[in-house]
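Side-chain atoms are counted along with the backbone in the values below, which use heavy atoms only and exclude waters and symmetry mates. To find a chain, count down the sequence lines: A is the first, B the second, and so on, and within it residues start at 1.
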Amino acid sequence: MKRVSRFIFASMSRKVRVRFAPSPTGGLHLGGVRTVLYNYLFAKKYKGDFIVRIEDTDQSRYVPGAEEYIFDTLKWCGMIPDESVQHGGDFGPYRQSERKERYKQFALQLVNDGYAYYAFDTPEELEKMRQDLKTEHNPTPQYDHHIRMKMRNSLTLSSDETHKLLSDGERFVIRIKVPENDQLSFTDMIRGEVKFDTSTVDDKVLLKADGMPTYHLAVVVDDHQMQISHSFRGEEWLPSAPVHILLWKYLFGLENMPQWAHLPLILGPNGKLSKRDGAKYGFPVFAMNWTDPKTGETTEGFKEKGFLPEAFLNYLALLGWNDGSEQEIFSMEDLIERFSMERVHSAGAKFDYEKAKWFNHEWIKKSSNSFLLPQVKTLLETNGITIVDDTLLEKIIGLIKDRCTLLPDFVPQSSFFFQTPATIDADAIRPKWNEDKKKFFVAYSEKILNSEWNAVTLENMFKELATEKNIKPGELQLPFRIMLVGGKFGPPVFQIAEVLGKDETVKRIDGALKIF
RNA sequence: GGCCCGUUCGUCUAAGGGCUAGGACACCACCCUUUCACGGUGGUGAUACGGGUUCGAAUCCCGUACGGGCUACCA
């Protein structure tokens, strides 16, 4: 493992302020949630601010409901922003579409300083350029220093022509003028020094024809104005880092640039984890259910699948990070205490649904019955089981939680406590069933009618009677279970009887005896 | 194609030059349990390859291979 950031913390003099900057274009997937988590942990660890900024500069990709969804997800995860569209703060607005004018002003400043230029090329002209220059060795020609002087922009046009086009209202963009032979580098908190040769960097658009900034301009301006100290984002942003370095240099000074960490990607079973393939993988990719407002199609989320947020985040935290010990179960408090960016792995990690489920199982087992109660209760009620006695349900939860990996498992594991089993797995008993056993149960159900009602007594009476009748108690337990539960599963059978109560137990024995 | 990032059991990972390469998930076996689980014990299983440097390399350097990302007026 490469560890690089010792000196970064030494130089961490300013207040820690980090931001999660999602684009509201759909559901929040695994990778996004982990990015939030690392931001959140880092902020809380250093008593800093966690900011959520909505990056909605692409109006064509605006999806209604997506912004709300993001905040709902954060709430479910228990990661509450200190500043955001919903939480206020001194550095707003926190929606980039509402900061439009600021970006333009900086773009114009760059033009004036000679670091950027107006470009009037139409989409058709750009397409033509790409087609004309395309070769086997260069399948995707870039708008860069090689060709900028052959295009229609303020570098090739005279000052008068440029002004005329501008005053005529001709559509234009502003592009950064990337220098030709510059070596750029920065120290990534996870990867160490990363170098770039500016000759391979293209003249990215900074301000679009609709007046909106692109990500490149907006992120730099906002990170500066919001006084962001550390900037964490996915590895897919690494190639555009040189553009951002240049902008920091031109606009606000390299010394004010946040420390960067480019997080490794989370991969699916066959490489890149894609939002669309959620159903195909057989496991969710979104944190919560997401319904596409256009198609009406719903993609299942971890929440609805039955994950506890604690477990979901615990697993995500470990996907690319560990504290060096062999501990795997971490609460949010633990994570805040132990987290460090320098121990984040640099390689991508494949998402393992089996392990995710294991974490959930662990969290269910370690959660108190009362903590689980409201969630299980809701689940049962949506499945048509009315809960009248919370104390009883709590007891039942304690009996069955070892057997539940996902929250919905509580339904089949507990429904027989509330309803007479709809089906009885009689086939499991019939082969070994006989008249003696039947007589045993007739006698047993009579005997327990007058008995003290607890698991221990029930079990003792069961064994005594079996011995009396010369039958091995073990051979009778499975039939008894089937009578009460309907199948071969569930907690110890006498505990089930205890919870069921005298009347119901006797009733189920009688009912089953008619079928066998 | 170019640029950037990466590479330890199937998967997530530990090991900051000195090891029988450790743990977890999954899998298998056994124990516990006359249900299903939990739990316990054990097992299968990895340093991509080739060169250096060194007494000694998973670890440092170079190359190769492979994987991933980026290459939009998307983020």
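Using a 4.0 Å cut-off between charged side-chain N and carboxylate O, Glu362(A) and Lys365(A) make a salt bridge. At a threshold of 4.0 Å, the pair Arg53(A)-Asp223(A) counts as salt-bridged, since one of the basic side-chain nitrogens sits closer than that to a carboxylate oxygen. The residues Glu328(A) and Lys355(A) are annotated as salt-bridged, a charged nitrogen and a carboxylate oxygen being separated by less than 4.0 angstrom. Between Lys128(A) and Glu124(A) there is no salt bridge, since none of the side-chain N atoms of the basic residue sits less than 4.0 Å from a carboxylate O of the acidic one.
Looking at the side chain of Thr214(A), the nearest of the listed nucleotides A75(B), A14(B), U71(B) is A75(B). Set against C4(B), U35(B), U11(B), the side chain of Asp352(A) has U11(B) as its closest nucleotide. The side chain of Lys208(A) lies closest to C74(B), out of C12(B), C74(B), G68(B). Set against G1(B), G68(B), G6(B), the side chain of His137(A) has G1(B) as its closest nucleotide. Nearest to the side chain of Gln142(A), among U35(B), U7(B), U71(B), sits U71(B). Closest to the side chain of Arg191(A), out of C73(B), G6(B), G23(B), is G6(B).
Using a 4.0 Å heavy-atom cutoff across all strands shown, Arg171(A) reaches no nucleic acid atom at all. The residue Val205(A) sits close only to the backbone: its heavy atoms come under 4.0 Å of sugar-phosphate atoms, none of a base. Within 4.0 Å of Pro492(A), counting heavy atoms only, lies at least one base atom of the nucleic acid. Residue contacts for Ala347(A): at a heavy-atom cut-off of 4.0 Å it reaches the sugar-phosphate backbone alone, with no base atom in range. Across all strands, Val219(A) comes closer than 4.0 Å to no nucleic acid atom at all (heavy-atom distances). Within 4.0 Å (heavy atoms only), Phe196(A) reaches sugar-phosphate atoms of the nucleic acid but no base atom. Looking at heavy-atom distances under 4.0 Å, Pro491(A) makes contact with a base. The residue Thr57(A) sits close only to the backbone: its heavy atoms come under 4.0 Å of sugar-phosphate atoms, none of a base. Residue-level contact check: Gly320(A) touches the backbone only, with heavy atoms under 4.0 Å from sugar-phosphate atoms and none from bases. Residue Thr140(A) is in base contact, counting any heavy-atom pair closer than 4.0 Å across all strands shown.
At whole-Å resolution of the value, NE2 in His216(A) and P in C73(B) are 9 Å apart. Rounded to an integer number of Å, the gap from Lys350(A) NZ to G68(B) C1' is 11 Å. Atom-to-atom, CG of Asp144(A) to C1' of A72(B) comes out at 15 Å; the value is rounded to the nearest Å. Rounded to whole angstrom, the span from the CZ atom of Phe359(A) across to the P atom of A26(B) amounts to 11 Å. Atom CG of Leu263(A) is separated from atom C1' of C4(B) by 16 Å (rounded to the nearest Å). In this entry the distance linking CG of Asn360(A) with P of C12(B) reads 20 Å, nearest Å. A straight line from NE2 of His145(A) to P of C3(B) spans 12 Å, rounded to a whole angstrom. One atom, CG of Asp121(A), and another, P of A72(B), lie 14 Å apart when rounded to the nearest Å.
A distance below 6.0 Å separates the ring centres of Phe330(A) and Trp321(A). Between Phe462(A) and Phe480(A), a ring centre-to-centre spacing shorter than 6.0 Å is recorded. In summary, the aromatic rings of Phe351(A) and Phe283(A) are positioned with their centroids under 6.0 Å apart. Taking the centre of each ring, Tyr38(A) and Phe232(A) stay at or above the 6.0 Å mark. Between Tyr215(A) and Trp237(A), the gap from one ring centroid to the other is short of 6.0 Å.
Nucleotides U7(B) and U13(B) have their P atoms positioned 10 Å apart, rounded to a whole Å. With P as the reference atom, U20(B) and A57(B) are 14 Å apart, rounded to whole Å. Here the separation of C62(B) from G6(B), taken at their P atoms, is 12 Å to the nearest Å. Taking the P atoms as reference points, G69(B) lies 15 Å from C12(B), given to the whole Å. Spacing between C27(B) and C38(B) at atom P, rounded to whole Å, works out to 10 Å.
With both pairing distances under 3.5 Å, G16(B) is matched to nothing as a Watson-Crick or G-U wobble pair. The base-pairing partner of C70(B), taking Watson-Crick or G-U wobble contacts with both distances under 3.5 Å, is G2(B). Nucleotide U53(B) forms a pair with no other nucleotide shown, judged by Watson-Crick or G-U wobble geometry with both contacts under 3.5 Å. Using N1 to N3 plus N6-O4 or O6-N4 for Watson-Crick, or N1-O2 and O6-N3 for G-U wobble, each under 3.5 Å, C30(B) pairs with G40(B). Figure legend. U47(B) is base-paired to no nucleotide; pairs are counted as Watson-Crick or G-U wobble with both atom distances under 3.5 Å. U7(B) is paired with A65(B) under the criterion used here, namely a Watson-Crick or G-U wobble arrangement in which both key atom distances are under 3.5 Å. Within the shown strands, nothing qualifies as a pairing partner of U35(B) under the Watson-Crick or G-U definition with both distances less than 3.5 Å.
For Arg403(A) and C36(B), a side-chain-to-base donor-acceptor distance below 3.5 Å is present, hydrogens and geometry of angles not being considered. For Lys204(A) against A72(B), a side-chain-to-base donor-acceptor contact under 3.5 Å is absent.
Annotation: of the two residues near RNA chain B, Leu319(A) and Thr200(A), the 5′-most nearest-nucleotide partner is Thr200(A). Mapping Arg130(A) and Leu238(A) onto RNA chain B by nearest heavy atom places Leu238(A) at the nucleotide closer to the 5' end.
Each of Lys463(A), Lys437(A), Arg481(A), Lys469(A) was checked for a salt bridge (Lys or Arg N to Asp or Glu O under 4.0 Å) with Glu475(A), and the lone residue meeting it is Lys437(A).
Distances shown here put a side-chain N or O of Asn322(A) below 4.0 Å from the OP1 or OP2 atom of A14(B). Of the side-chain N and O atoms in Lys365(A), one or more sit less than 4.0 angstrom from OP1 or OP2 of G39(B). At C36(B), none of the side-chain N or O atoms of Arg481(A) fall inside 4.0 Å of OP1 or OP2 (strictly under the cut-off). A sub-4.0 Å separation between OP1 or OP2 of A15(B) and a side-chain N or O of Arg343(A) is present.
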Check nucleotides 27-34 of chain B against the protein and report each pair of N or O atoms closer than 3.5 Å, with its distance, or say if there are none.
unit_1 : atom_1 : unit_2    : atom_2 : d
U34(B) : O4     : Gly474(A) : N      : 3.1

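Annotation: cation-pi pair Arg148(A)/Tyr117(A) absent, no NZ/CZ under 6.0 Å from the ring centroid and within 45° of its normal.
Anti is the classification of C36(B), since its glycosidic angle lies more than 90° from 0.
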The test is salt bridge (Lys or Arg N to Asp or Glu O under 4.0 Å); show your working for Asp352(A) and Lys350(A) and say whether it passes. CA-CA 6 Å; Asp352(A) 181 356; Lys350(A) 207 172 280 185; over 6 Å; no
